[in-house]
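These notes concern the structure reproduced below.
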Amino acid sequence: MSLFDMDLSGVVNNLFNHVHETSSRNHENHESRRASNIPVDILDTPKEYMFFMDVPGLSKSEIQVTVEDENTLVIKSNGKRKRQDGEDEGCKYLRLERRAPQKLLRKFRLPENANVSTITAKCENGVLTVAVEKHTPPRKSKTVEVAIA
């Protein structure tokens, strides 16, 4: 079966297996499921893998991007909103309607050709972009037939 015969979503799911965390408590399990439902787009380019996540309300200092176990990309945030001005003495919020940022925890098992030592991340306009460079493929040896004299 060729790559073109397979369902593309199946290929992507096999390539970037989402690592699920298990929890003994129902609340943590529910929070973990909610956090893992944050959508991510993964782009495969010739030189790198690009991850795109919407993270409205979170600043770059509130997001952590790490690698665990040599090949697991971890993106997380505690999801707590810092209160704006108004917490001074004698001030209190009358209404809080804006949703606080969700708790964020996504883990992805990276393919073997991912170069984890060169991962970069940036957060601009509510979008987190993580770039994972690919190792350069080894040069294929060329077989040359030599005539025997």
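Being a predicted model, the structure only gives us computed values, none of them experimental.
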Donor-acceptor pair, distance only, cut-off 3.5 Å: does the side chain of K134 make one with the backbone of T45?
yes
Does K60 reach the side chain of K122, with side-chain heavy atoms less than 4.5 Å apart?
no
Other members of the hydrophobic cluster containing F52, with the 4.5 Å side-chain heavy-atom rule, please.
L43, M50
Within the structure provided, determine whether Y49 and V130 are in side-chain contact (heavy-atom separation under 4.5 Å).
no
Would you say T120 and V132 make side-chain contact, with heavy atoms under 4.5 Å?
no
Can you list the steps and then say if V74 with V67 is a side-chain contact (heavy atoms from CB on, under 4.5 Å)?
CA-CA 6 Å; V74 180; V67 175; over 6 Å; no
Quick one: pull up CD1 in I75 and CD in Q64 and give me the separation to the nearest 0.5 Å.
11.5 Å
Go through the steps for R106 and K76 under the test side-chain contact (heavy atoms from CB on, under 4.5 Å), then give the verdict.
CA-CA 6 Å; R106 293 293 305 260; K76 65 182 174 180; over 6 Å; no
Kindly give the heavy-atom pair with the smallest separation between E48 and E133, and that separation in Å.
CB-CA, 3.8 Å
Taking only Lys NZ, Arg NE, NH1 and NH2, and the carboxylate oxygens of Asp or Glu, determine whether E68 and K107 approach each other closer than 4.0 Å.
yes
Please examine the side chains of C123 and I63, heavy atoms only from C-beta on, and report whether any two atoms are closer than 4.5 Å.
yes
Are the side chains of V55 and L104 in contact, using a 4.5 Å heavy-atom criterion?
yes
Could I get the full list of side chain to side chain contact (heavy atoms under 4.5 Å, CB included) partners for V127, not counting sequence neighbours?
D54, T129
Within the distance-only criterion (no hydrogens, no angle test), does the side chain of S77 pair as donor or acceptor with the backbone N or O of E62 below 3.5 angstrom?
yes
Qualifying residues under side-chain hydrogen bond (donor to acceptor under 3.5 Å, both in side chains), relative to N115, sequence neighbours excluded:
S117
Looking at CG of L110 and CG of D69, how far apart are the two atoms once the value is rounded to the nearest 0.5 Å?
11.5 Å
Taking the side chain as everything from C-beta on, heavy atoms only, tell me whether T72 gets closer than 4.5 Å to F108.
no
